[in-house]
Visitor: 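Can you keep this structure in mind? I'll have questions shortly.
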Amino acid sequence: MSDETRTGQKEAMLSGELYLADDPELAADALHAAVLSERYNATSAADPEARHAVLAELLGEVGEGVEVRPPLRVDYGYRTTIGPRTFINFGAVLLDVARITVGADVQMGPNVQLLTPTHPIDPEQRRAKWEAAEPITIGDNVWLGGGVIVCPGVTIGENTVVGAGAVVTKDLPANVVAVGNPARVIRTIGGGPEA
């Protein structure tokens, strides 16, 4: 592949266009994130200040009172922001090729995956290793049960609850409960005691 073809791959990725991930600048960013992730995942539970310091270095923004239990996996780290008082349980995978924005007071069960990367349907483009990504936004006070997968381009509205094991392929509004694969809304939240 010529140098001309490689020019601007990071800029293309950041703008949501097709790009080639084996670009040297992107590879350096990914290596930096991998090294910081290793450090984070090796931190002692007995030293929460050190753990938080590494997390703040790894991610784009980390709000006050955030707890992320290792292990944590990211693509780049700097494309992820987590709002205050959010709790993310063991085994989170945050593939942040596009922006991942997690609001305040969010609860995520173990093994939740937020996956922004996409790949072309066209087999020749895919064989040539082109890829892209679409951002994911998780609203304030959302609860994602264990093993939830959120697909590229999805926004989940505030206060929404997504049942364990659900695969969220489309936006979910605020104040609903959604379950299944693909996730579907089964009821609204609010206005009285839970059903």
Side-chain angles (χ1 to χ4, degrees), residues 13 16 18 21 30 33-34 37 40-41 55 58-63 65-121 126 131-195:
M13 182 193 86
L18 286 172
S37 295
Y40 182 74
N41 292 331
L55 188 65
L58 173 61
L59 301 182
E61 185 178 322
V62 179
V66 166
E67 182 179 351
V68 179
R69 291 187 173 169
L72 169 66
R73 302 283 185 248
V74 299
D75 272 329
Y76 297 104
Y78 63 85
R79 309 270 291 155
T80 296
T81 62
I82 301 176
R85 300 170 307 279
T86 287
F87 173 79
I88 300 176
N89 215 324
F90 305 109
V93 175
L94 310 177
L95 299 188
D96 59 348
V97 174
R99 268 201 195 286
I100 294 177
T101 305
V102 178
D105 302 299
V106 171
Q107 301 284 318
M108 291 190 200
N111 300 312
V112 166
Q113 300 177 47
L114 306 182
L115 312 175
T116 70
T118 64
H119 300 277
I121 299 297
R126 201 169 54 250
E131 57 185 84
E134 297 175 32
I136 290 174
T137 302
I138 309 297
D140 293 346
N141 202 35
V142 165
W143 174 19
L144 302 179
V148 166
I149 297 173
V150 180
C151 293
V154 166
T155 295
I156 299 176
E158 67 180 356
N159 303 319
T160 286
V161 175
V162 181
V167 178
V168 186
T169 60
K170 295 181 180 171
D171 291 355
L172 293 174
N175 303 302
V176 298
V177 176
V179 299
N181 180 3
R184 68 190 188 294
V185 174
I186 59 169
R187 73 180 184 93
T188 59
I189 299 171
E194 290 194 29

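Values below: all heavy atoms of this structure, side chains included; hydrogens, waters and symmetry mates excluded.
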Visitor: Just to verify, what does E131 make a side chain to side chain contact (heavy atoms under 4.5 Å, CB included) with, not counting sequence neighbours?
Guide: Y19, A21, H119
Visitor: Under a 4.5 Å cut-off applied to non-hydrogen side-chain atoms, are L115 and L95 in contact?
Guide: yes
Visitor: Which heavy-atom pair separates A183 from A166 by the least distance, and what is that distance?
Guide: CB-CB, 4.2 Å
Visitor: Mind checking what makes side chain to side chain donor-acceptor pair (under 3.5 Å) contact with D75, not counting sequence neighbours?
Guide: none
Visitor: Output the distance between atom CD1 (I136) and atom CG (L114), rounded to the nearest 0.5 Å.
Guide: 5.0 Å
Visitor: Closest approach of S37 and V74, non-hydrogen atoms and distance?
Guide: OG-CG2, 3.7 Å
Visitor: Is the shortest heavy-atom distance from the side chain of T101 to the side chain of P135 under 4.5 Å?
Guide: no
Visitor: Checking R85 now: which residues fulfil salt bridge (charged side-chain N to carboxylate O under 4.0 Å, His left out) with it, not counting sequence neighbours?
Guide: D105
Visitor: Among all residues two or more places apart in sequence or in another chain, which pass the side chain to side chain donor-acceptor pair (under 3.5 Å) test with Q107?
Guide: none
Visitor: For residues 140-153, which side-chain donor-acceptor pairs fall under 3.5 Å, sequence neighbours excluded?
Guide:
unit_1: D140; atom_1: OD1; unit_2: A104; atom_2: N; d: 2.8
unit_1: N141; atom_1: ND2; unit_2: N159; atom_2: OD1; d: 2.9

Visitor: Okay, side chain of R126, backbone of I121: is any donor-acceptor separation there less than 3.5 Å?
Guide: yes
Visitor: Any donor and acceptor pair, going by atom type alone, linking the side chain of T80 with main-chain N or O of G60 inside 3.5 Å?
Guide: no
Visitor: Over all heavy atoms of both residues, which pair between A132 and G16 is shortest? Give the atoms and the distance, please.
Guide: CB-O, 4.2 Å
Visitor: So, using side chain to side chain contact (heavy atoms under 4.5 Å, CB included) as the criterion, who are the partners of D171 when residues are at least two apart?
Guide: V154, T155
Visitor: Checking the side chain of T188 only, and the main-chain atoms of V176 only, is there a donor and an acceptor separated by less than 3.5 Å?
Guide: no
Visitor: Can you give me the closest heavy-atom contact between V185 and P173, atom names plus distance?
Guide: CG2-CD, 4.2 Å
Visitor: I want to check something: taking the side chain as every heavy atom from C-beta on, are M13 and V97 in contact at a cut-off of under 4.5 Å?
Guide: yes
Visitor: My understanding is that only residues two or more places apart in sequence, or in another chain, count here; which of them pass side chain to side chain donor-acceptor pair (under 3.5 Å) with T116?
Guide: none
Visitor: Strictly distance-based, threshold 3.5 Å: is any side-chain N or O of T86 a donor or acceptor partner for the main-chain N or O of G103?
Guide: yes
Visitor: The criterion is side chain to side chain contact (heavy atoms under 4.5 Å, CB included); which residues satisfy it with V68, sequence neighbours excluded?
Guide: Y40, L55, V66, L72, I82, I88
Visitor: R69: what forms a side chain to side chain contact (heavy atoms under 4.5 Å, CB included) with it, not counting sequence neighbours?
Guide: E67, F87, N89, F90
